[in-house]
Amino acid sequence: MTAKIIDGKQIAKDLLENIRLEIIERTNQGQRNPCLAVILVGDDPASEVYVRNKKIACEKVGIKSLSYDVESNISQAELLAIVNKLNVDKDVDGILVQSPLPDHINEEEIIHAIHPNKDVDGFHPMNIGLLALRQPRLRSCTPYGVIKMLKATGIELKGLDATIVGVSNNVGRPMALELLLEACTITSCHSKTKDLEQKVRQADLVVVAAGRQNLVKGEWIKKGAIVIDIGINRIDGKLVGDVEFDSASKNAGYITPVPGGVGPMTVATLMENTLLAQKLS
């Protein structure tokens, strides 16, 4: 068996085109273009690449992009002041503070400060809580992007046994909530999990977001299982995921590549969230 590669790039491209057409329709009806404000703290090279990709996506779909590039030594109070200013700006629909933030910044406080209706990252406790209550509004971009990608591939999720490796607030935990919403049975694994291999072996769907190269061995993957690799690790100048791709591909039914899998979906879902945030306003 050789796994089918899930082409996140193409699925994201199709989603962006649908968003572009909807924005054109809305502007023809007298609505202004949606607006996304991105705050970049410091000059982390990876963050700069992510922000650049988000700006390119904004241009493609017709979303106005505002950039707030600030020094890494900005104070907590100064950063909060920028967020609060954007919260009350009626012409700004979405606010994104690019992570990671410098050690002296309390990221949790910054996330809490963003108005829930402008929280296009989907990290605010209110938005996570609404997802937990099966009333989703603005949803975490990467997990929701995974769901949209799986559905676009035609995969039936209902009833699947799903193992999620990684329990971060930004990905692993909301991923579990998203899959519960799709009627999957969830096993969430973390650093204290006993017998990770067995948890992966029994899964119909494996989602890995741990940030450790080759953490999940290809031989662990059940025949015909779906493998979603969210990990991004730079090794000798090359991007690789958290799953042994070559060996996993021999067992899996479907698998995402790194790069070109989940990453483009995260950006596309951010664009969709920005449009939704405008509707909420």
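Along the sequence shown, residues carry numbers from 1.
Smallest separation of non-hydrogen atoms from R201 and K222: O-CB, 3.5 Å. The shortest heavy-atom contact between N53 and V267 is O-CG1, 4.0 Å. Between A277 and N117, the shortest heavy-atom contact is CB-O, 3.4 Å. Taking every heavy atom of both residues into account, S140 and N170 meet most closely at CB-O, 3.9 Å. Heavy-atom minimum distance, S99 versus E107: CB-OE2, 3.3 Å. Residues V97 and D121 approach most closely at O-OD2, 4.2 Å, considering heavy atoms.
At least one donor-acceptor pair under 3.5 Å links the side chain of H124 to the backbone N or O of H112. Distance alone, capped at 3.5 Å, places no donor-acceptor pair between the T193 side chain and the L196 backbone. Between the side chain of Q278 and the main chain of R32, a donor-acceptor pair closer than 3.5 Å is present. A distance-only check finds a donor-acceptor pair linking the side chain of H104 to the backbone of I74 [under 3.5 Å]. The backbone N or O of K238 sits nowhere less than 3.5 Å from a side-chain atom of D236 that would complete a donor-acceptor pair. Distance alone, capped at 3.5 Å, is enough to place a donor-acceptor pair between the N127 side chain and the P116 backbone. In this structure, the side chain of D242 does not engage the main chain of V216 through any donor-acceptor pair within 3.5 Å. N33 places no side-chain N or O within donor-acceptor distance of the main-chain N or O of K64, the cut-off being under 3.5 Å. With hydrogens and angles disregarded, a donor-acceptor distance shorter than 3.5 Å links the side chain of K199 to the backbone of K194. Side-chain atoms of Q76 come within 3.5 Å of backbone atoms of N106 as a donor-acceptor pair (strictly under, hydrogens ignored).
Side chains of L80 and I110 form a contact here, defined as non-hydrogen atoms less than 4.5 Å apart. No side-chain heavy atom of F245 sits under 4.5 Å from any side-chain heavy atom of D229.
Looking at K118 and D93, no side-chain N of the basic residue comes within less than 4.0 Å of a carboxylate O on the acidic one, giving no salt bridge. Between K148 and E272 there is a salt bridge, with a side-chain nitrogen of the basic residue lying less than 4.0 Å from a carboxylate oxygen of the acidic one. Ionic pairing of E197 and K217 is not present here: no N-O contact between side-chain nitrogen and carboxylate oxygen is shorter than 4.0 angstrom. No salt bridge links K151 with E156; every basic N to acidic carboxylate O contact stays at or beyond 4.0 Å.
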- Query: Is there a side chain to side chain contact (heavy atoms under 4.5 Å, CB included) between V207 and V165 once you walk through the steps?
  - Reply: CA-CA 6 Å; V207 182; V165 182; over 6 Å; no
- Task: Run the numbers on I82 and I39 for side chain to side chain contact (heavy atoms under 4.5 Å, CB included), then give the verdict.
- Result: CA-CA 9 Å; I82 296 173; I39 303 172; 3.7 Å; yes
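Taking a 6.0 Å sphere around CG of D103, one finds it holds 12 or fewer heavy atoms contributed by other residues, nucleotides or ligands. Annotation: D43, atom CG; neighbour count of heavy atoms from other residues, nucleotides and ligands within 6.0 Å does not exceed 12. No more than 12 heavy atoms of other residues, nucleotides or ligands shown are found within 6.0 angstrom of OH on Y50.
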Mind listing the side-chain donor-acceptor pairs of residues 6-15 below 3.5 Å, one per line with the distance, residues two or more places apart or on another chain?
| residue | atom | partner | partner atom | Å |
| --- | --- | --- | --- | --- |
| D7 | OD1 | K9 | N | 3.2 |
| D7 | OD1 | Q10 | N | 3.2 |
| Q10 | NE2 | D14 | OD1 | 3.0 |

